[in-house]
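Order of appearance sets the numbers: ligands from 1, and atoms from 1 within every ligand.
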Amino acid sequence: MIYKRSSELFNEAQKVIPGGVNSPVRAFKAVGGDPIFIQKAEGAYLYDEDGNKLIDYINSWGPMILGHAHKPVVDAVVDKARKGTSFGTPTELETRIAELAVKMVPNIDKIRMVNSGTEACMSAVRLARGFTGKEKIIKFAGCYHGHSDSFLIQAGSGAVTFGTPNSPGVTQGTAKDTLLAKYNDLENVKELIAANKEEIACIILEPVAGNMGCIPPAEGFLEGLRKLCNENDILLIFDEVMTGFRLAPGGVQERSGVNADIVCFGKVIGGGLPVGAFAARNEIMDYLAPVGPVYQAGTLSGNPLAMAAGYAMLKELHDNPSIFESIDKKTEYLHEGMARVIESHKVAHTINRVGSMISVHFSEEPVTDFASSAKAASNGVFNKFFHGMLENGIYIAPSAYETWFINDALSYEDLDKTIEVVDKVAKTL
Ligand SMILES: *Cc1c(COP(=O)(O)O)cnc(C)c1O
């Protein structure tokens, strides 16, 4: 495939946009080469500026669970846009989407809308600190919670792809309040709690990690964290920005049966528009302004276009829960097919999958935390794999630390084509 126009556009972009992109992982820095500029998308496919048609496994990094330009979502946005795009006043639709989210997700009474996953996680931590009166937080190496200061301590995703685990600009004062634990290691968490008695406000994690590749929680890990939080008056925050409304209508809380104190959302909840949200039971949410003392606000929060897209998306997922089964089955099919062909070429690999999240690591060792993910990523095989796939019209994330997302617009024909390409590419690894 030829990607000439994309390269021209990338050159122009680099003159006026830092690195030519508005979010670092869109650049192909980790894998080399120029990023592909997309002109339009529909269903399971992206169409780029050179006229190539690509099967998309990024899905805007998660939101497009029903495929691109999904008609009910687009219709809802267009209809709203004609009536004005923002008022800065309450609107009925904000209540309707909140009711729907509260109905779908276990253990939450109220939800507050923001504009991104970053804002959701940042606000959730402020709320946890306000509610508990404590200042320190525990996060896990390799988990990504957006780019706010407290989280840029060994964050996953773009932050590790670019080798800036501790970003310049984050103060020592902020960094010292973030304690770093190893994913899937309860003993490590216990030690941190013991060494910081009465000081920890919350533990935040991706309850199924997706920003160091897909890494499932080990058996008993989430339950163990819940118990430790109960015993030490610590709030447990599930960052379900990636997993919410994807792994089940109620996210990982529903799937695992483990309750979080605060839950963060993003990606799917906005139907492809900029939305984040955080939610909890009444006693915690009522700590927020204007009812309570913890301040949080947003000029465009609950924006009518964003709410229209999000509501159309959630409504379809709510009314038609078989979608979750359908995407899980498609992902399982892809998993089995890829494992079979990669195996046949004797290429060392580990495939991790939870529901419709899947990642391929080129290492035989189990990938259970950031260290093992980084080890698998370090041999350069992924980069070769990535370019082989792209050359054959399959678009996966340009980093070994990212999860692939499966949307329901993908047909079994698309999956078969993908497996064929994996076969062809694995032969060259
Ligand atoms: C994407 C993501 C975020 C950040 O969301 P943005 O909308 O990019 O700010 C936070 N947490 C997790 C788990 C994510 O995957």
- Query: Is any side-chain heavy atom of Phe245 closer than 4.5 Å to a side-chain heavy atom of Leu314?
  - Reply: yes

- Task: Please list, by chain and number, the protein residues whose heavy atoms come under 4.0 Å of ligand 1.
- Result: Ser116, Gly117, Thr118, Tyr144, His145, Gly146, Glu206, Asn211, Asp239, Val241, Met242, Lys267

- Task: Quick one: list whatever passes side chain to side chain donor-acceptor pair (under 3.5 Å) with Tyr287, sequence neighbours left out.
- Result: none

- Query: Does one side chain, of Glu119 or Asn115, offer a donor that lies under 3.5 Å from an acceptor on the other?
  - Reply: yes

- Task: Please identify each residue that fulfils side chain to side chain donor-acceptor pair (under 3.5 Å) with Asn107, with sequence neighbours left out.
- Result: Gln253

- Message: Just by distance, no angles: are the side chains of Asn184 and Asp369 close enough, under 3.5 Å, to form a donor-acceptor pair?
- Response: no

- With Lys375 via salt bridge (Lys or Arg N to Asp or Glu O under 4.0 Å) - residues at least two apart: Glu365

